[in-house]
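Shown next, in structure tokens, is the structure this report addresses.
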Amino acid sequence: MNEKRYFLRIHPLPAFVFFVAVLTVTMLSMHPVVLAASFVCAVVFCGFLYGVKKTASSLAYTFPLMVLVVLVNMAFVHRGETYLFFLNDNPVTLEALLYGVAMSVTFAAIYYWCKCMTAVMTTDKWIFLFGKILPKFSMLLALSVAFVPKFKRRYKQIDSAQRTLGVYSGQGVVDKLRYKFRVFGILVTDVLESSVTTADSMRARGFGLAGRSTYSPCDFTVADGLLTAFCLAFGVLGTTMFALGGCRIAYYPTVTPPTFAAKDIVCLTAACAVFVMPIICEIKDDLLWHSLKSKI
């Protein structure tokens, strides 16, 4: 992950407002243009934060899962009037296929936005935002966000240590499964001990006590204020247009083609503006960096 990225340096408030806006807009709509824009922008933004190589490797298992969602929806949902073929005397419809595609793109877009949020909203930023208002909630949220990356790192460390000790000497499938369960058992024990240690440490430091001050290096600049206002304005506008019927599309019993009335265009513009905003910020920051570097 590139620590020089622009979105990793901004204030926690505009970052939090941005992710709330994109996740809300993505989950509210099943419009194909909105979903496609959300998915593409989420993947591109993830490429900026994690690198092209890691993002491309994540797509290698994201696409099969998307196909699986489509197949499951086609196999178990038989609504719709356009029959494609019959499977065990059950109709497989075009409407179920299209709805499965839309649902799979929604899940993938939310996954990549959450992946980006994990990179941007670190534990100290969650505590900065909610530490004074909801100290216990902020600590629980910060620990939850950091749990999965820490879980993966500790698993790799324990697995490497066990390999060094020669526990994977067995060649059979049963032996390998037994060794994997052994690593998992060690990992769970380590995580539980770490949780107790963290709780004791925070209690000893007086976390959550009234009047306790906290240090934060975050400064709210004019650019942060503009970003916050932008995300709030377009996020609220897009959500309002959705509530008023903008970008509505029905998949059952037949697929209704998307309309492009005035409220639909406003809704699409607001949604796409929020989605593409971090990419524009990152590109602008890169151009500024290269321009300043060339003048040295």
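All of these numbers come straight from a predicted model, not from anything done at the bench. Below, each value reflects all heavy atoms present in this structure, side chains not excepted, and no hydrogens, waters or symmetry copies.
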What I'd like to find out is whether the side chain of [X] reaches to under 4.5 Å of the side chain of [Y], using heavy atoms alone.
{"X": "L65", "Y": "F107", "value": "no"}
{"X": "I279", "Y": "F48", "value": "yes"}
{"X": "D224", "Y": "L13", "value": "no"}
{"X": "V266", "Y": "K263", "value": "no"}
{"X": "I265", "Y": "L268", "value": "no"}
{"X": "V188", "Y": "F184", "value": "yes"}
{"X": "S294", "Y": "H290", "value": "no"}

If you compare all heavy atoms of [X] against all heavy atoms of [Y], which two are closest, and at what distance to 0.1 Å?
{"X": "V120", "Y": "L8", "result": "CA-CD2, 3.8 Å"}
{"X": "C247", "Y": "D264", "result": "N-OD1, 2.6 Å"}
{"X": "P14", "Y": "L227", "result": "CB-CB, 3.9 Å"}
{"X": "I249", "Y": "P32", "result": "CD1-CD, 3.8 Å"}
{"X": "S38", "Y": "T26", "result": "OG-OG1, 2.8 Å"}
{"X": "C231", "Y": "A21", "result": "O-CB, 4.1 Å"}

Inset, instruction - Evaluate the criterion side-chain contact (heavy atoms from CB on, under 4.5 Å) for residue pair T240 and C267; output intermediate values, then yes/no. - result: CA-CA 8 Å; T240 304; C267 187; over 6 Å; no
With distance as the sole test, does [X] use its side chain to make a donor-acceptor pair with the main-chain N or O of [Y] at under 3.5 Å?
{"X": "S29", "Y": "V34", "result": "no"}
{"X": "S57", "Y": "K54", "result": "yes"}
{"X": "Y251", "Y": "M30", "result": "yes"}

Under 6.0 Å between the ring centres of [X] and [Y]?
{"X": "F45", "Y": "F7", "answer": "yes"}
{"X": "Y6", "Y": "W289", "answer": "no"}
{"X": "F234", "Y": "F230", "answer": "yes"}

Roughly how far, to the nearest 0.5 Å, is [atom2] of [Y] from [atom1] of [X]?
{"X": "D190", "Y": "Q157", "atom1": "CG", "atom2": "CD", "value": "8.5 Å"}
{"X": "M66", "Y": "T106", "atom1": "CE", "atom2": "OG1", "value": "9.0 Å"}
{"X": "I110", "Y": "F39", "atom1": "CD1", "atom2": "CZ", "value": "12.5 Å"}
{"X": "F16", "Y": "L129", "atom1": "CZ", "atom2": "CG", "value": "7.0 Å"}
{"X": "I10", "Y": "C281", "atom1": "CD1", "atom2": "SG", "value": "7.5 Å"}
{"X": "L187", "Y": "R182", "atom1": "CG", "atom2": "CZ", "value": "14.0 Å"}

Inset, instruction - Could you tell me whether K115 sits above the aromatic face of Y50, with NZ or CZ closer than 6.0 angstrom to the six-membered ring centre and within 45 degrees of the axis? - result: yes
Are [Y] and [X] co-members of a hydrophobic cluster defined by side-chain heavy atoms under 4.5 Å apart?
{"X": "V276", "Y": "L35", "answer": "no"}
{"X": "I158", "Y": "F181", "answer": "no"}
{"X": "V67", "Y": "V105", "answer": "no"}
{"X": "L237", "Y": "L232", "answer": "no"}
{"X": "V20", "Y": "F275", "answer": "yes"}

Inset, instruction - Check the surroundings of atom OH in Y61: do more than 12 heavy atoms from other residues, nucleotides or ligands lie under 6.0 Å from it? - result: yes
Inset, instruction - Tell me, yes or no, whether the heavy-atom count around F220 atom CZ, taken from other residues, nucleotides or ligands under 6.0 Å, exceeds 12. - result: yes
Inset, instruction - Verify side-chain contact (heavy atoms from CB on, under 4.5 Å) between T221 and H11, making sure each step is shown before the conclusion. - result: CA-CA 8 Å; T221 63; H11 193 272; over 6 Å; no
Legend entry - Aromatic plane relationship, F86 with Y83 - under 30° parallel, 30 to 60° tilted, over 60° perpendicular: perpendicular
Legend entry - Chi angles and distances behind the side-chain contact (heavy atoms from CB on, under 4.5 Å) call for V70, L97: CA-CA 6 Å; V70 176; L97 170 64; 3.6 Å; yes
Legend entry - Results of side chain to side chain donor-acceptor pair (under 3.5 Å) for T62 - residues two or more places apart only: Y112
Inset, instruction - Please name all residues satisfying side chain to side chain contact (heavy atoms under 4.5 Å, CB included) with L28, sequence neighbours left out, ordered by chain then number. - result: T24, T239, F242
Legend entry - salt bridge (Lys or Arg N to Asp or Glu O under 4.0 Å) pairs, two or more places apart, involving residues 266-291: R5-E282, R5-D286, R9-D285
Inset, instruction - Test W113 against F18 for ring-ring contact (aromatic ring centres under 6.0 Å, His included), laying out the working first. - result: CA-CA 10 Å; W113 283 126; F18 165 75; 5.7 Å; yes
Legend entry - Polar contact flag, side-chain donor to acceptor under 3.5 angstrom, T93-T82: no
